[in-house]
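Everything on this sheet refers to the single structure shown next.
Note on naming: letters A, B, ... go to the chains in the order of the sequence lines (proteins, then strands), and numbering restarts at 1 for each one.
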2 protein chains.
Amino acid sequence: MKTNFKRKLIIVDDHLLFSQSLELLIKSFGEYDVIERFENGKVFIDYLEENNPTDIDLILLDVNMPVLDGLSTMKWLKDNRPDLKVIALSVNDDEEIIIKMITNGAKGYLLKDTSPEIFKDAIECVVEKGFYFTELVSGMLINKVNNDNKKISLKEKEIVFIKHACTEMTYKEIASEMCLSPKTIDGYRESLFDKLEIKTRIGLVLYAIKHKIVFV
Amino acid sequence: MKTNFKRKLIIVDDHLLFSQSLELLIKSFGEYDVIERFENGKVFIDYLEENNPTDIDLILLDVNMPVLDGLSTMKWLKDNRPDLKVIALSVNDDEEIIIKMITNGAKGYLLKDTSPEIFKDAIECVVEKGFYFTELVSGMLINKVNNDNKKISLKEKEIVFIKHACTEMTYKEIASEMCLSPKTIDGYRESLFDKLEIKTRIGLVLYAIKHKIVFV
DNA sequence: TTCAGCAAGGGGAAATATACCCTTTTTTGT
DNA sequence: ACAAAAAAGGGTATATTTCCCCTTGCTGAA
């Protein structure tokens with residue numbers, strides 16, 4: 001007669017092999033039930049909107065998913081269901097994305113190479129105390145607040161220009177493509193070189209790829 | 001009294017959460033036992049060399065791992081234990097790596113978003129019939145043999161030059177870095193532009209990143 | 001053995017493209 | 001109405017791209 005007191009979990013992950021396996025692992029802990037699984041943020045949000053469930057104890061949210069990814073899902077949750085507790089799961093330790101998930105309300109961020117023991121701790125901790133941050137994550141948070149003053153923000157036109165700069169077009173061609181004078185383009189270029197502390201178009205391309213402005 | 005006839009599997013994957021969960025899933029199929037789990041190719045090979053096991057029915061090998069990755073492990077197996085059957089598991093469908101895993105002896109290649117049902121089929125199929133290829137993989141094999149004639153091969157010097165070209169150095173600087181005349185560098189550049197069908201240094205950078213000659 | 005052929009390394013020169021600096025006009029927000 | 005951006009222009013110095021030619025050394029076939 002103890003089954004009614006199990007915590008209710010939801011898994012959102014496109015790797016079916018993983019999510020279905022993880023369900024078994026979580027159930028083996030004995031204290032949790034996986035009540036639903038979804039393969040991307042879209043179908044998960046659809047479910048939330050249709051059913052408006054109020055008895056969910058924890059969401060395990062994958063970061064890299066097709067259709068609607070973890071970050072977009074997290075942003076939606078922040079606006080629409082801030083009551084739901086989320087632990088983000090991911091294979092990558094990219095600082096940018098970790099910070100964004102946390103600032104959008106994730107209560108924890110675990111890498112998929114975490115041991116099951118720590119995983120169990122994290123689930124318990126978030127359900128009971130409300131959050132769980134590994135050293136990796138807290139380190140990044142500290143690093144972030146220290147460097148936050150020198151943040152770089154790019155305007156929409158600049159982004160468009162950068163994308164074109166990552167092709168074999170000349171600046172002249174880019175100018176006509178964007179319906180601007182080559183001199184304006186030159187202005188964009190110069191201000192970006194300045195902002196991003198680079199000296200050549202090659203540097204711009206490398207920056208764009210590193211910061212996922214363009215994809216290769 | 002049926003436990004002795006279960007097939008013996010080994011999982012090699014650095015994502016502990018995944019491998020431990022997957023073990024539960026596989027056991028739930030009823031016909032298989034996961035006799036060992038390893039978190040990278042190195043410790044797996046160490047185990048093989050020490051124990052020389054002969055009763056392994058199947059290896060589930062992750063492609064992206066630290067220390068020694070799936071491809072290197074596969075190459076070792078091809079040379080040292082070609083009797084072992086391997087299904088490669090990965091999140092990415094990069095043609096290059098799939099082809100290499102297959103040509104190095106993997107009997108199957110599954111993406112981690114495969115459904116557990118197909119996964120079960122694949123395991124059975126490889127254990128019984130010796131191989132299992134999804135449409136994705138066979139499509140790539142066909143595509144490969146068709147395009148194999150127009151393969152591009154780069155010389156060592158060219159690779160070095162490309163790596164330098166993916167920095168903010170000028171060609172002159174690259175020349176002095178490589179202890180060659182700027183004119184020789186210019187020759188490399190021109191022949192590469194020709195071979196790779198590109199027209200600018202930007203194109204070279206994009207090519208290099210796409211083909212993993214440099215990393216960002 | 002000799003010689004054609006080819007690849008690697010280097011050269012001249014001209015046409016474009018990039019990068020930098022500084023000024024002027026146009027638009028915009030308040 | 002006015003200051004701040006955004007857009008555009010002038011001028012100049014390098015860097016890059018393109019084309020065509022030269023040497024040297026090696027290799028394979030006659």
Side-chain angles (χ1 to χ4, degrees), chain A residues 147-216, chain B residues 147-216:
Chain A
N147 294 13
D148 229 14
N149 40 346
K150 51 182 172 182
K151 186 162 49 189
I152 291 161
S153 84
L154 299 175
K155 294 184 251 304
E156 197 49 39
K157 283 269 186 74
E158 289 179 322
I159 304 269
V160 175
F161 164 66
I162 290 177
K163 286 182 178 174
H164 285 129
C166 293
T167 70
E168 295 200 315
M169 276 190 276
T170 67
Y171 288 140
K172 213 175 292 182
E173 287 166 341
I174 294 171
S176 96
E177 182 74 23
M178 291 179 67
C179 302
L180 291 170
S181 146
K183 281 302 180 179
T184 306
I185 292 301
D186 192 53
Y188 288 178
R189 182 199 53 71
E190 192 158 359
S191 103
L192 280 170
F193 279 21
D194 204 38
K195 258 197 283 197
L196 307 180
E197 298 181 75
I198 53 180
K199 289 185 300 297
T200 68
R201 183 166 165 181
I202 305 296
L204 187 60
V205 172
L206 296 174
Y207 178 92
I209 292 168
K210 193 172 324 196
H211 292 79
K212 306 190 197 313
I213 296 169
V214 297
F215 302 99
V216 285
Chain B
N147 294 12
D148 231 14
N149 40 346
K150 50 182 171 183
K151 189 163 46 189
I152 291 162
S153 84
L154 299 175
K155 294 181 251 306
E156 197 49 39
K157 282 271 186 73
E158 288 180 322
I159 303 271
V160 175
F161 164 66
I162 290 177
K163 286 182 178 176
H164 284 129
C166 293
T167 71
E168 294 200 315
M169 276 191 273
T170 67
Y171 288 139
K172 213 175 292 181
E173 287 166 341
I174 294 171
S176 96
E177 183 75 24
M178 291 178 67
C179 302
L180 290 170
S181 146
K183 281 303 177 178
T184 305
I185 292 300
D186 192 54
Y188 289 177
R189 183 197 54 71
E190 192 159 0
S191 101
L192 279 170
F193 278 23
D194 205 38
K195 257 198 281 197
L196 307 180
E197 297 181 79
I198 53 179
K199 289 185 300 296
T200 68
R201 183 165 164 182
I202 305 295
L204 188 59
V205 172
L206 296 174
Y207 178 92
I209 292 168
K210 193 171 325 197
H211 292 80
K212 305 190 198 310
I213 295 170
V214 297
F215 302 99
V216 285

B:Glu168 versus A:Gly203, closest heavy-atom pair with distance: OE2-CA, 3.1 Å
Reported CD-to-NZ distance for the pair A:Glu190 and A:Lys183, which is rounded to 0.5 angstrom: 9.5 Å
Nearest 0.5 Å please: distance from the CG atom of A:Leu204 over to the OG1 atom of A:Thr200. 8.5 Å
Spacing between B:Leu192 atom CG and C:dA8 atom C1', to the nearest angstrom: 14 Å
Angle between the end axes of the helix from C:dT1-D:dA30 to C:dT30-D:dA1, five pairs per end, to the nearest 10 degrees? 40°
Once you round to the nearest 0.5 Å, how far does CZ of A:Phe193 lie from NZ of A:Lys199? 10.0 Å
What is the per-nucleotide protein-contact pattern of nucleotides 13-21 of chain C, from the 5' end, where B denotes a base atom under 4.0 Å from a protein heavy atom, S denotes such proximity for sugar-phosphate atoms only, and - denotes neither? B---SSBBB
Quick one: closest heavy-atom pair of B:Val205 and B:Cys166, and the distance? CA-SG, 3.7 Å
Out of curiosity, A:Glu177 CD to A:His164 NE2, how far, rounded to the nearest 0.5 Å? 4.5 Å
Find the distance B:Met178:CE to C:dA8:P and express it as a whole number of Å. 13 Å
Gap separating the NZ atom of A:Lys172 from the CG atom of A:Asp186, nearest 0.5 angstrom: 12.0 Å
Does A:Arg201 make a cation-pi contact with A:Tyr171, if we ask for NZ or CZ under 6.0 Å from the ring centre and within 45° of the axis? yes
Nearest 0.5 Å please: distance from the OH atom of A:Tyr207 over to the NZ atom of A:Lys212. 12.5 Å
4.5 Å side-chain heavy-atom contact, A:Ile202 and B:Ile202: yes
Heavy atoms of chain B, cut-off under 4.0 Å: which first and last nucleotide of DNA chain D, 5' to 3', fall inside that, if you could look? D:dA15 to D:dC19
